[in-house]
Structure formats: structure tokens, C-alpha cells
There are 4 protein chains.
Amino acid sequence: MAVVKLTRAWREFKGAARLGFGADINPNLPDNDIKYLSGLLNECLGSNGGVISSKARLVEIGRIYCGLTRRGKKRFFRLLADNFDFDMDNVNTRIHALQTVGNRNEEERVNAVSNLYESLISPRYRILKKFGILENGFKFLVDMRADLLDISKNDISLNIIERDLKLLLESMFDIGLLDMNEITWNSPAVILEKLIAYEAVHEISSWKDLKNRLDSDRKCFAFFHIKMVDEPLIFVEVALGNGIADNIQQLLNIDEPVVNPKDADTAIFYSISNAQKGLNGISLGNFLIKQVVTKVSSELKNIKTFATLSPVPGFTRWLKEKLGKEGAKIFLDAELKEIKKVKHHSDIPETLIKMIDQPYSDDSGLRVFSSAVMRLAAVYLTQAKKGKRALDPVAHFHFSNGASLERINWLANSSPKGMKESMGMMVNYLYDVSSIDENHEAYAGSGTIRFSKKVRDLLRCR
Amino acid sequence: MAVVKLTRAWREFKGAARLGFGADINPNLPDNDIKYLSGLLNECLGSNGGVISSKARLVEIGRIYCGLTRRGKKRFFRLLADNFDFDMDNVNTRIHALQTVGNRNEEERVNAVSNLYESLISPRYRILKKFGILENGFKFLVDMRADLLDISKNDISLNIIERDLKLLLESMFDIGLLDMNEITWNSPAVILEKLIAYEAVHEISSWKDLKNRLDSDRKCFAFFHIKMVDEPLIFVEVALGNGIADNIQQLLNIDEPVVNPKDADTAIFYSISNAQKGLNGISLGNFLIKQVVTKVSSELKNIKTFATLSPVPGFTRWLKEKLGKEGAKIFLDAELKEIKKVKHHSDIPETLIKMIDQPYSDDSGLRVFSSAVMRLAAVYLTQAKKGKRALDPVAHFHFSNGASLERINWLANSSPKGMKESMGMMVNYLYDVSSIDENHEAYAGSGTIRFSKKVRDLLRCR
Amino acid sequence: MAVVKLTRAWREFKGAARLGFGADINPNLPDNDIKYLSGLLNECLGSNGGVISSKARLVEIGRIYCGLTRRGKKRFFRLLADNFDFDMDNVNTRIHALQTVGNRNEEERVNAVSNLYESLISPRYRILKKFGILENGFKFLVDMRADLLDISKNDISLNIIERDLKLLLESMFDIGLLDMNEITWNSPAVILEKLIAYEAVHEISSWKDLKNRLDSDRKCFAFFHIKMVDEPLIFVEVALGNGIADNIQQLLNIDEPVVNPKDADTAIFYSISNAQKGLNGISLGNFLIKQVVTKVSSELKNIKTFATLSPVPGFTRWLKEKLGKEGAKIFLDAELKEIKKVKHHSDIPETLIKMIDQPYSDDSGLRVFSSAVMRLAAVYLTQAKKGKRALDPVAHFHFSNGASLERINWLANSSPKGMKESMGMMVNYLYDVSSIDENHEAYAGSGTIRFSKKVRDLLRCR
Amino acid sequence: MAVVKLTRAWREFKGAARLGFGADINPNLPDNDIKYLSGLLNECLGSNGGVISSKARLVEIGRIYCGLTRRGKKRFFRLLADNFDFDMDNVNTRIHALQTVGNRNEEERVNAVSNLYESLISPRYRILKKFGILENGFKFLVDMRADLLDISKNDISLNIIERDLKLLLESMFDIGLLDMNEITWNSPAVILEKLIAYEAVHEISSWKDLKNRLDSDRKCFAFFHIKMVDEPLIFVEVALGNGIADNIQQLLNIDEPVVNPKDADTAIFYSISNAQKGLNGISLGNFLIKQVVTKVSSELKNIKTFATLSPVPGFTRWLKEKLGKEGAKIFLDAELKEIKKVKHHSDIPETLIKMIDQPYSDDSGLRVFSSAVMRLAAVYLTQAKKGKRALDPVAHFHFSNGASLERINWLANSSPKGMKESMGMMVNYLYDVSSIDENHEAYAGSGTIRFSKKVRDLLRCR
């Protein structure tokens, strides 16, 4: 799955075969090889003093891991799960000790808590943590988790490792250890090629396209970890302009004239992409957006508005379900009347479902539904919930960050994907510094969603 | 105690008084102010989403802390100890949950363990961890621990926080996050002045003295943390030369001719100093020495020998105690005979004790004792133990690292301190790459100490 | 012709229209505008103290120049030629002064020489020199010379400026001011895209092709000027391998396995390209190759051989001419006999000329001629001269540098261009450090060309 | 005189004794060694192709030069003067050629001019220029000129070389090749120690004093040449504050409170020092001050006023001379009357001269003269001239730069030097961006000096 590239340093370390390492390993990791590997892992747990051989041992484990097939990796994880779990007897002993101490003696209580805490850190966690000392060790662990996420989907019993690896990576990629850097056309090609590879929202089609996205009226920022300098962790693409953009094709068009950044008043976040599969679920996007807002607004005092141009990935799925259940009742009378003027004889819900399933690249057929559908999008985004969370994942992300829903744009993304998932609509979420924290509290606390007057009008219209 | 310098960034953040921060605080932290602070700390524990005000809140807490007197700080720690401890009821609930799950269900067990683990992370730990996001946050926490170590000496009930802060710093200063950099006369003055300030073993008397220690036949290496770039964590000073040095004054003499590094065969570690009081007990020296050995030997193939020129800080204390208990019996007959030739009428043990207490800066009076005293030093270093550990702390450090005892040097440090603590003797510990790991294992396992033939001869002579 | 990109700094400077600058200028520079420009140029010659307005004036001139058409530029150069020439009356006066001083008085003689020297530096030289102070000023002058070289081809009277501009650039791009940097996949895209644009010998077809040329068994070095950091001046591409490469397609093949640099014994210079048209005739290639040899051989001790894989651009032209004049006499009897075995009835010279004019992409038709043609190539490279210079420009370049002719390779470049200009042959020039200087002296002094035994055998064979 | 430090690179190059270099040279350079050196210099003039041996030859010459005594250096310069001068016969031939061409043929004329120009560049110039290619070559030439300036003071016949070396350094240190960098406490010690060494105006007494001068309300800027990165060329020290400073001791006082740069409104240039004796007479100060004004005013919008706090080095000398010639007539009647109130019986001019010769460190005795002396200082600074130039060298420097005389400060420098050369007065020159160019033109053109109303009042008062 994920590819781990061992650097020269590792390969040459291995060369230190004088330590008895470098054996040929069957990539499916049969029992014999498991035994060898298990031995290495156990030695890692020994004293941590023998720096040199201990480093060589880690390199050897890394080398082996990188050569494994999917099947071999599964057996490797299995080994970690079964043989390097914490010792429940020990845990129980320490629980008992804690319970008998009570509050009698402060010092003893501290020790008892420490001891229990220690016993809950599994041996495999301790081993994996050591990889941080190797050049490329951080990348190795990130890619290992990418493998694990893929493999453990079908094997719930590996969750136990997943918990350890996530805990470890959360600590290793603590926000305090990250640097936010701007990426420009002056950045190394080795980093730029990763933008092309990882851009998840609106594909970068070529180096020329990339260069356009790094033009003087664009900005791109990424988090980097100091021990993974060639690897962006997450990056956001920003377009400077006047007014809040309402169409992604126009925004990405190479032939559009370049705006002088000093004349712009708005920054549009039009794409945010995780670049490391192995960091899934470790939330960095929120911090990134906030830091970009802070940085851009301090460098370009003229930028007053920060907003996104975002997809609505779950809308049509939700709409079809709703249409299936409630039929024409989802429309307001006025809307139905308008629609029937054009589509007199047809079954309106069915027609709409058909349009969703076989989308055009323009809105010719859809136009008659536009006011109804936009209202329904507003309903979907502000009222469709799963518990307190907005149902739409992108909406949930931005509402959690403290953004508000600013505007729903008709025919904002005419790509097949755009037409399919949201009938071409895109949405602007607004990051207003003065209300971000309050919005966040409201949403996190009670699920309250903030939206603009424009959206309110959409919801009210009848 | 430790001084925390808030950078401009912090001060200006505070300026954001529009958030209601920046109140005048009494530096002794009376009840009223404790209440305000307690409120801030509690808010930190709330949602972590409101990035901006949450950051401002941390800065506010930092600002307050930095203004406190020792008494105020004690009250601050008291507050953390009493009000931000973990919740034992919660811990007990989760213990119960874990015990009832048993091994029935893997997923539930993982959750139960996770839950228990989480409950053992105290609220104060969570709050302090957040400081990592601030510019200078790492330095802030390190200096806070320096304060705490000082204050908690007299107040055992603060150990509970000490445990949290140490745990946190261990994770934040994981060896995988450190960079080893060479320090030269080309390094920024802001770093060099810290060498002068922190050198613990052989004081640096002036910038001129420092420049001499960074001359072309000297090297200095330090660990830095990427988030504390102006602050060395620990540094080691190395002298290149021919043969293993046996005298520190000569080695530090500015007027000694400079050796061409390409003609040297030996690297002497003549000083290793912790630069951060707040990182006491978080072991970095071992890694530093090993990395220096690796680096120097790869850059200068001509350097074949790595050794220290180290003090023997505990020798005279031990010797006096032994003399007190055993008197003249500690000498061999041959030794006594030699000594008596010169000191016929005197009480030998008493004479020696007097010499220890009122040391000369030369060895004129001591000379007659030299063979006895050197043998006793060898005994002290190789046989005096506390459990499996060598009694002498410097010896213990190097033996733990895998070094062996190479040589004991008479009149190697004629400074008052040197004369006082070890009668002028210094010691070479040898770092021989091919046996480091083995030595380490032997010492860590069974307390076995490795030494050279020279030392063996000293021990055997009678 | 050459495009000058004014940076933001310039544009904004212009913004300082408060200085009365920024007028609309007709890009063909009619008389009216010439007058304005002439005024500006004259002001530049005034005192050099008014730094701020003087800088603004230069920016204004630069802005105007960059907006000109070819025709406008020609008028600009005309203006410099006619109105900013040195003053022959002044020169004559100073000649007279020098001649009357004689050797009477040393101090007066020095002054007289200085005065004459000064009078030979033209006003336009002094003006253009000032552009060095502007950001991008160096690039501006380089591009101006590119324009001038193009325009002056048809207008000999502009040579007078060409002399000044070349003199100026030679001084500004003195070898002592250049840095040789390695270019890797870690270099900024803004530099890498220039490799693609400027590669003159073997076109780089894509970013993927470029990445291959920067793989671990390849190296690329360029000269940079400190005031033109984004612009390589000249670059050379090197392939590491075993033995001297004899085929360019194979060498550039993306699918060839990568060699470990530590296992290679040879470095092949397979392309050297000037990146700045405006620096034509200012020789840098010689220095670049020597520095690369020094650098690579010090970093990779295993590389023992340095050679090129070079085109023979003038061969077929020379051969056709020779065939035209001398006909079949250019072949040795043995060669003719061999050829006639296959081509019995045909007119051999005519057949060969036809083959040159309509080359195949393989050597099927040529094969029968191969030994004759290779011998003739050896004759061409070692004996065809123009004065003491080798007729072939590439050969002349490498012989001047002190290289020797090592080998002639049959079917080494099957591209249309390669087949056309040298019937697919390429040549290796050897850079043997121990004889470079001597070879250079021999060639520079008496035009003596050094070649290998292999080439000697080719020449001798009959 | 100046010390040239050959770097490792040079020393090791020399090691390449296989080229026959490295002979022992007598540091006084007797005839025999002169001959060897002369041979080397002649070889330098040969072809420039043999890069490797040619570089070695330069290093050899450099090594020899650096080992010479003052006497040896004089002989070295003598050699350059006598044997490497240009060829007057050749010059005359080319003059003749130019004169016969006339204007007949443009191309021939260009060639004739070029040829004459070339013939006026001396062989020694060509040789010295080559040193630019060596690491440290730029510093070598700068230090050589420092030597030469010292030696040629007593030997006018060496002027001929001085002209060449100055010409060369002017071209090598063209303003377009310099970088202005800020120097802070974060700068390398190797640079900071040079500030201490070179500060010419107000001595830096210690590293602590230096640190104070680099505090947050101070700034220091220097020009650097890219090929002399560890060597500031010229630096200026700036103090930020409120209002124009009038006392240097106060300004340098370590115990003065630090001003927040964002609250300051004025930048005071209180010291500007050349750091390279060998660049004397090559004017850089003007550019440096202008660039600092530009930089500081763009970074700190709050700084509105730029002025100096400058010494008046020639005042007392001028005053004594004037007193000698004109006696009491130099005082206005009103002034005399005032003075006589205190010093009734004494010879006023004589009293003042005595005070100048035996200055106090306070103004107790002087006070009575203050209004007369301040008026005379205004006269000295604005009216005492040598041709169009202001007599006072510091005044001339700032007036040339376009500054105006803003204020004369009584008791502004109570150091012995300050009391002695200007009776404790210091002066503020104002750099007002909007009038700098105009002031400069007025002064450069007609010697017109601009001054403030305050100064005008001083001059007018009677």
C-alpha cells in the first residue's frame, strides 16, 4: 500500500552486516522468519544503552518490514498484537497496589499511579517509538500506519495496534512540533511533485497547472514536521481575489488574468488535502487554516475576508433518499408550481432522481429546479444532522473550526464529479476571525450552526 | 530561579487585551488572583477548538507565571497539584470496567485499556502540554521544571506535579526530535554566550578562552531542539591531539600550539555540561557522546581513539570516610613503609586527612602518598558501589555508556577544586566502539566494570 | 528576442511617479521619446550622489527599454552609439599630455596614463554599469546584450556598443564572482524549469525526463552569479557509470538501471549548455568542467576517469565538401575495395553524399562505409584546422580545455540530428587531470592535438 | 601591517608540492628569491588555460607574500612597479594606429580604441585580478592594498601600483556586488569580534558593551561582499529613540532603559566605521546610509526622522589657528562682554587656547564661552572651506551625501577625545529623504550647505 523509501543511510547501515544482520527474509514472513523478527523485537525491549547495535537492529527491522508483501505485513502486525501486548497480570498487580495505597501517603500514591500508567504502555508501543531516532524513522511509522489502516479494515483484532500507533503518531506529530511553510515555485521539486500526487480535491493535471496554482495571486501553505522535511503533511491552496469566488473552474483557469495581491480583498481556500494517509484521523486541518488566516492577514492588510469554496459531497445522496421517502412533499407549493410550468406531465421526484443519476455538464435541464434545490441544499447543510454533527463531512469540518455558512453557489463546479455529488453546487464557508471562537463553541457545545442572511433567506423563502 | 524570557510574540499577544486579558496580578498570587488563574486553567481544559482565544489564554497564563515570585510560583504549583489532579473516582470506574471486560471481546478490551490510560493523564498534564504550541513554549516548560525542582525539594507534596512535568518533557525532548550541531566560532553569539554560562566542569573565563576552545584543534557539539534553536540542551567539548591527554591545565592553555586535526590520532572529551536545569534527569549525554564519536570518526579517519579526561568528584569524600573507619589499614605494608621513610613520626591517616582538607595547588606534600593514593583511586572507581552502580557519579555515567576505565592521572588538575575533590587526579575513560555495547551490557546487567591493564596493575601492586 | 522580466521591486519603484517618471512611451521610440530617454541617460552621467533619484532614473530607463519593440531597441542602441560615445577630442588631448610627460616625472606619468585610460571608457559604459545596483540589474544587462547580439548582426555600426557591453559583462561575470552549485531534484522548480528551457545538446522532453537526469547516478552542476540566483549561467550534465559511455540514447534511457555512485568508475559529461544568450563569447565552460572534475573526484574517490560523450557537429559538412573536391580519392584503396564489394555499380562518393542528405535512423545503409568514415572522422578531428584551431567547434572547445581525443563511437546518436551532422558518430574527449595543463599548453601554443592509441590506429590503418 | 590569514584551502593547495612549489623563501626577498617570484609572476601572464597549475601558482605567490616582512613587501611592490608596468612602446604604437584610422571606418576605429584601452591595462593588474578566483583571494587583495597604502606613504614611486590596485578593488567591490545585512546578537561571533576590532568612532569596550549595542532598540548594518562573508566592509550603528539624541555617553550607557522600537520616532546614526583599511578611498558610506534609511523606514513606519550624532574632529585645530591669527576679534562684542564678566583680567584668547590644550572632562570652565564657541562651531561647519568642500571631513562626508546640518550640541561628548577635538560638542546631521538629492546637488555643484533654522539663529546672533 504505502511505499516506504529507505534512504541511503538505512541501506548503508544494513551494510554493517558485521553485526550479523542482513539475512534474506521471505516477504511472506513464514514461521521461521517470524521467529527471527520476534527475536529482534525482543532485543529492542532490552536495555536501551547499546546505542550502536540498537540502531542497527531498528534498521534491520525496518529493512525487513519494507520488503514484506501485504500478507507478510499482516503477519508482522499479528506478531505485534499477540506477543507485544501489555501484560494484564502486571496491570492487575498495579491496580491492586494503587487501590491499597489510598490517600494515605502522597508519594506512594504518585508512584502507584506512575506504575499503573507505565504498565498500560505496551511493549510494541515502546519498540515503535524507538524508530523516531532513525533518519526517515518518522516517515516509516507514518507509512506503517497507512499500511495498517488498510489491512486492519478487514481484521478487527488489529485495532489494538492501531490504537498504539495512533497514540504514538499523535505524540510525534504534536502541533507544537510542526512548521507551517509557504510553498512556492521556488520550493524544491521534490516537494512540489508531492502536491501533484496528493491533491485530493481538484486534481493538478501538470507542472504547468501547478505553476499556475503557485502564481503571484495564489498561495499554498503546508505543515511540515522537522523530521520529514521533504514531505508536506497537509496543505491548503488559497486564491487571492476580489469578492468571494463562486466558481471553481473559473478560479482554476490558467488564462484568467493575475490579480495583484495588494489589490485583492479576499482569500479563498479552495482546496485542503491530507498528504499522509498514515496521519488519517490526526486532526491538523483546523490549525492549518487558522495559521494561514493569521499569516495572510498580517502580511496583506488588504485581505479582509477569508472564505472557502467547498464541495458538498453528501448532498445528492441525502436528496435521493429524501425524495425516495417523502416524494414531492419535499418541495414547497410555490416551487412545485414553478416546476410544473415546464415539466407539466412528468413525475417530478422521479425526473429529479434521473437527473441526479445522469448528470449533464451544464445546468440546462436543472435550471427549473434551481430554487428548490438550493433551498434543499441549505436545509441539508444546516439541519441534516447525525447527533449534533452536521451530516455533510465537509460542513462538519468547517463548522467545527468555527466557520459559518456564507453562501450556496449554483453551477459552481461543472465537472462530472461536481455535478454528480452536489448537482454542480459549491458552498462558501466564512472564517470571520472575530466570531470563529464563538461559532466553534456554539457548534461544539450544542450543535448550533451559524449562517448568513443569504442562507436564512433561502431557508425562509416560500 | 530560572529566568523565563517571554519573547516579543508573547508580549504582543498579550496586547490583545481586547480578549479581556492582561490584568495586573500580585506576584505572590493571593487568593483572589489564584481564582482568576484557576479560571483560566479550567478554560484551557474546555474544547480545544477555539484556537485563537485558546492561544491567547496560554500566553496570559505564561505571562502571569513569569511575573511570579518564588512564593507565587509555589502557590501556582500547589494549585496544579490540588485542583488539577486526575479524578480517582473516574480511574476507579475505569479500572472496574476493564476488570469486568476480561478477554471476552478484543475491541471492548482495547477501549477499556484506552479509557483507563486516558484517565491516568492528569488535567494539569493536558494543560501544560498545550504550551508547546507557543513560540518559546518549550523553553517555558523547561524553565518551569527548573523552578519546580528547586521548590519541590522542600515540599514533597509537589512531587506529583514533578512526575507530570518530567513525563511531558521526556516526550517533548525525545531523542528523535533533537539535532546534534557543531558549535564553532562561526556560531551566533546568542548561543556562544550560553556555553560560557552553562559550562559546568571547567569554567570558561572569557570570550577569548571560549575562542580558544573552538579553535581548529577543538570541537564542540551540542544537542538542540528544533523548537528551542537558541538554546543548547547539553554540550560536549572535545580536544584533538596525539595520545590520551593527562592534564587539564595543559589542555586548556591558550598558548599551547594548535595541532592540525589531520595529524591528530585521539579525541578527548574534556567537558560535558547540561545547559538546561529543567532537563535534569532526562538522559541525553549518552546519546550525545555516541553521536560525536560517530561523527568525528567519519569526518577524521585519522582519529582512532576516543577517551575522556574526567574528574573523580567523590574520591576524597570516600577516602576520608575510609580513613576514618579503617585508619592505616587501608594502606599496603609496602606503601606504609615508603611513606614512613618521609613522615616518620606522624600519624599517617591524620596527615593525609589534613592534606585533603587543606590542599596545596601542587603535589609537593602529596608526592610521598602518590602510589598509595592512586591505587586507592583505582579501588574507589572499580570497587566502591551502591548496589550495582559505581559510587562515583561520573564513573557511573561513563560505565553506563559502555566506556572502560583506561588510566588514572596524577596531578592532572591542580585547580583548587581539582585538588580538593580528587587530590589533583583525573581519569581517562575509553570509548572503544567495538566494545561499547558489550561493556554497557556487562555493567547494566551485573555491574561489571571494565578497565585497562594499567589499572589492573595498580590494583594488583603490593 | 530575450525577455526581460522586471521584478516587483522595479514596478513598484516606478510607482514612485512622484519623481515625474512613468510616462507613456511609444514602443518604437519615435524622435520625441528618444529625446526624453536621451535626457534621462544624460542625467545618469551627472553626479552619482543622489542615490534615490538616480536609482529611480535607472528603473525608469529599464522600464522603457523592456517595453520596446525590436525597432525601438535598435533606435535605443543607435542613441547609445551616436550620443554616448567617448569624446575623441578629449582622448587626443590626453594622448598629447601623455606624450609630453615622457618619463620625467613618475607621478605625472601615472596621472597621464590614468587620464587617458579614463577617457577611453565611454559614457554609455558608465551608464550601463550603474544598472548593477538594481535588483535584477545583472539579468537586465545580460538580456540587453542578447538583444544587441541579435540586432547588431545586421548593423555593423552597433559593434561599438557590443564591445562596451561585452567588456562590462566580462567584468561583472568574472569567474571569481561565480559559484558552482549542484542542481538536484531538491532544487527549486524555478531553476529546474530553466534546465528544461536551456538544454541545448539533448533536449529534455518533460519533468520526468529531467528527474531521470537528476537521479542518484547523475549529476548536474551549474555556475550561478550571486546577483542572479534563479538563473543558471551554464550547466553541465554528468552520468556516473562504468567505462566510457558510447551511446547517448542508452545513456538517456529512463529505463536503464540506476548505478550506485560508489560503484562507478567513470564520469561522463554528456551535455554542456549555455543558459544565457547574453553571455555568448564570455568563456565559462572551461572553468566549469575543471571545477566539476575537482569536486566529483574529491567526493567520489572511486571515479577515476572523466570524459565527454560529445557530438561532432561539423563532420558531414566537411566530408561533403571534401567529397565534392576530391571524390573517391579520399578513400584508401582497401576501403574502396571493401565498399565496392557491396556497392559494385554505384558512384561511391555520390552514394555517400546521398546517404548524408537523407539519413536513416539506423546504420543499415551506412555500415559498409563505417571503417572509412570513422577514419575520416579521425582525420577531421585531428587534422582539419583553421589556423591552429581545430575546425570542429566542439573539438576546439575541449582541446582548448586540455582534453585529448579518446575514442570515436559508431552509431552513438541515432537521432535525426545526430545522423545528419555526424552520421550518428559521437566522440569521447578525455579529461586526464595529470595531463590537462600540458595538453592545453601544446594546443594553445602550437595547435598540437593529443589523441589516444585507438585514434592513432584509426588514422594509421590502411 | 594588515594580516592576511591564509585559509586551510590555501595551505593544503600548497601541499601540492608535487608542482614544484613550496620552496623556502627569505622573508626579506633578496635577489635570488625575487628572481623566483618574478618567474612565477611571468608565468601567470602566460595562457590562462591551465586552470589547475595556474591556481597553484597563485597560491604559491600568495603564500610567499604572506610570509614577507615589511621590507620584503616593499621589494615585492618594487618588482611589480618596475617589471610589470605596461609597455609604453606598445601604447605609442596603438596611439599611432588610432590616430591614423580617423573616422574612416567605424569597425577599425572600435578596434583601435579597444587596442589602446587594452594596452593601458598593466600586466600587474592582470596578475592581481586573477587572485579573485582563490578562496580568500578578495581579502588577500584588500589586505595587500592596506600594506601598500602604508608602505607607499614614504615612497611615491609606488603610486603607480596603488592606482592599479585601487582600480581593481573598485571594480571588485562595485556596489552592485555588495549585500547589506543586519548584524545582531544572533550573528556569528567571527563577525561580531570584527565590530569590536574595527569600531573607529566610539570604541566597543567589551562583549557586554557590544551586546548592548545590538539590543532591541539598536540596529547595526554592514556591507558584505559575497566573497568575503566573514568580513564586514563598513558598518553603521543606529539607535532608535524619541527625538534627536544630543549626548553620546547617554546614548551608549548600558543602564539606560530599552525603548520599544515600535514606539520610537527617530533613528540616530551614531557611528560609521570602515572595517577594511585596504578599501580606503573607495566610497561605500554614502550607499550604506541611504540603504539603511530605506530599510529602517520600510520596516518601522513609525520612524520619521533620520539623523546622526557626529563628532566635529577638526574644530579645535581650526579655532586655535583662527585665535592665533585674529585674536579676540573672532568674538562678537556681546560675547566678549559676557566672557569678561567672569574672566575680567585675563587674556581671553590665550585662556581659551589653554582650555583647548588641557581640557576638563566637564564644561565647568568652558561654560562662559559656550555661546561664542557654539556660534564659532556653526561658522566652522558652514563657512570654513577648502575650495567648495567643507573643511571638516565628517561634515564634508554628510553634506556630500545630501544631509543638512541640524543642530550643534553642547557637552555631547565628554570623553577626553571629544573634549580635545571639539570641546565636547557633537553635531546632528539630518537625512531628510525628501531633500537629500537636492541638498546633494547643491553641495556637489556649488558647495552650498543646507542647515536648519536653529543653526541659522546661532550664526545670526549678535
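Predicted model, so just to flag it, every value in this text is computed and none were measured. Letters A, B, ... are given to chains in the order of the sequence lines, protein chains preceding strands, and every chain is numbered from 1. The figures here come from the full heavy-atom set of this structure, side chains too, leaving out hydrogens, waters and symmetry mates.
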Any side-chain donor paired with an acceptor under 3.5 Å for D/N90 and D/S119? no

Measuring centre to centre across the rings, with the benzene-like ring taken for any Trp, is C/F138 within less than 6.0 Å of C/F131? no

Assess the pair D/F86 and D/Y125: is the distance between their ring centroids shorter than 6.0 Å? no

Under the ring pair (Phe, Tyr, Trp, His ring centres under 6.0 Å) rule, what do D/H398 and D/Y431 come out as? Steps first, then yes or no, please. CA-CA 9 Å; D/H398 292 298; D/Y431 281 81; 5.8 Å; yes

When heavy-atom pairs shorter than 4.5 Å are enumerated against chain D, which of C/N159, C/V113, C/N92 gives the highest number? C/V113

Please classify the contact of C/I226 with chain D as side chain, backbone, both or neither, using a heavy-atom distance under 4.5 Å. side chain

At a heavy-atom separation under 4.5 Å, does C/V91 approach chain D through its side chain, its backbone, both, or neither? side chain

Answer with side chain, backbone, both or neither: which region of C/D85 has an atom nearer than 4.5 Å to a non-hydrogen atom of chain D? side chain

Checking heavy atoms, do the side chain of C/Y443, its backbone, both or neither come under 4.5 Å from chain D? neither

Sort C/L167 into side chain, backbone, both or neither according to what part of it lies under 4.5 angstrom from a heavy atom of chain D. side chain

Just by distance, with hydrogens left out, do D/N111 and D/S114 show a side-chain donor and acceptor under 3.5 Å apart? no

